[in-house]
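The structure under discussion appears below in the form of structure tokens.
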Amino acid sequence: MSIPDIIIAVDGYSSTGKSTFAKLVASEFAFLYLDSGAMYRGVTLAGLEAGVIGDGKIDEAGTVRVMEPLDLHFRRVDGTTQLFLGDRCIEKEIRGWEVSQYVSPVSAVPAIRAWVDDKLHAFAAGGRVIMDGRDIGTTVFPDAQLKIFMTADEGVRARRRYDELVLKGEKTTLEEVAANLRDRDYRDSHRPNSPLRQAEDAYVLDNTHMTLHEELVWILGLLQGKFNILDSPGLSC
Ligand code: DC
């Protein structure tokens, strides 16, 4: 299907399945997938490892100092986009429970947001990108040609995230995970700098009762209508 080289912005609350959806769209329609949250997670991991984050505290100036020289970038590995710190793949570490505890307040620090935004613009310079996060359609790419805002019932989101963590062998409870999601959503939506909010021209995707295949059919209809595309690809899932 002949989709033009557009930027697709996918924003929404924590654990609404943004990255699963964006990865699938990227592979179906040959887009580069970029996970902006991974960048904040990478900075948080580096801060934890350097000892400027920990024991419930974040040394903001120290984290910025640790962040500035970081070589944080995405690489394509086996058909997927993964985050690297220098030559070290940190995909697994950045998804862990400890990073999740600190990443929201770390992402609220203005100097950290500015640094991440610069990197995201550089990574997306080639175009034909689908990027997910909290402020992609409002701040990072306000001119994105297609904006999607994802949401889902809170209980469903907590269960999905909990199942994911358990699969990875993390020890936590459903209540703890639900509390972390609530806390992150609140912080992400109420920070003064670039808060999570729905862009006025975003299309809302509530996937509480949807399968991935239904989500794919939904965006296909959107793309066909918006870009006047008549041919239809066979979808893979
Ligand atoms: O999508 P995620 O859960 O991996 O994101 C981790 C944190 O990063 C999330 O709590 C909010 C923050 N974030 C942000 O502030 N802006 C973005 N564009 C992406 C993520």
Side-chain angles (χ1 to χ4, degrees), residues 7-23 26 33-48 53 58 60 63-64 67 72 74 80-83 90-124 129-142 144 147-152 154 157-158 160-162 164-165 168 170 172 176-199 202 205 207:
I7 291 190
I8 304 177
V10 181
D11 290 304
Y13 297 103
S14 296
S15 295
T16 44
K18 298 184 295 294
S19 63
T20 308
F21 171 71
K23 276 182 204 161
Y33 165 63
L34 293 174
D35 173 357
S36 66
M39 294 293 292
Y40 293 106
R41 287 174 179 272
V43 172
T44 306
L45 178 70
L48 281 162
I53 298 176
I58 296 167
E60 293 188 6
T63 307
V64 171
M67 170 193 76
L72 213 48
F74 293 99
T80 63
T81 317
Q82 307 207 345
L83 190 69
I90 54 170
E91 267 304 310
K92 197 158 178 279
E93 290 101 311
I94 61 169
R95 311 285 164 197
W97 180 241
E98 205 180 10
V99 169
S100 297
Q101 305 271 48
Y102 290 100
V103 64
S104 189
V106 165
S107 75
V109 178
I112 296 178
R113 297 205 73 79
W115 187 86
V116 167
D117 284 0
D118 278 354
K119 299 258 179 217
L120 294 175
H121 281 128
F123 297 151
V129 162
I130 181 163
M131 187 182 292
D132 74 341
R134 302 297 188 289
D135 64 339
I136 308 306
T138 51
T139 302
V140 183
F141 289 111
K147 299 180 188 176
I148 295 169
F149 189 83
M150 289 184 68
T151 180
E154 196 184 285
R157 293 194 279 127
R160 285 178 189 158
R161 182 78 185 122
Y162 173 75
E164 237 173 60
L165 288 167
K168 285 184 195 155
E170 299 255 2
T172 180
E176 241 179 356
V177 171
N180 176 260
L181 289 190
R182 263 197 304 277
D183 179 55
R184 284 205 288 146
D185 285 346
Y186 184 85
R187 286 171 183 274
D188 296 343
S189 322
H190 289 83
R191 65 179 173 227
N193 193 351
S194 210
L196 164 67
R197 63 180 172 80
Q198 185 186 326
L205 173 57
N207 66 8

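From a predicted model like this one, the values you see are computed outputs, not experimental measurements. All ligand and atom numbering here is 1-based and tracks the order in the structure.
For E93, the side chain to side chain contact (heavy atoms under 4.5 Å, CB included) partners are L45, R88, I90, not counting sequence neighbours. A search for ring-ring contact (aromatic ring centres under 6.0 Å, His included) contacts involving F74 returns F123, not counting sequence neighbours.
Under the 4.5 Å side-chain criterion, counting only non-hydrogen atoms from C-beta, K23 is not in contact with T80. Side chains of I112 and Y40 form a contact here, defined as non-hydrogen atoms less than 4.5 Å apart. In this structure the side chain of Y33 reaches within 4.5 angstrom of the side chain of D132, judged on heavy atoms.
Around ligand 1 you find S36, G37, Y40, R41, V103, S104, S107, R113, G133, R134, D135, I136, R184, D188, R191, each with a heavy-atom distance below 4.0 Å.
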Side-chain atoms of residues 192-199: list all donor-acceptor pairs with protein atoms under 3.5 Å, sequence neighbours left out, distances to 0.1 Å.
unit_1	atom_1	unit_2	atom_2	d
S194	OG	D135	OD2	2.7
S194	OG	T139	OG1	2.8

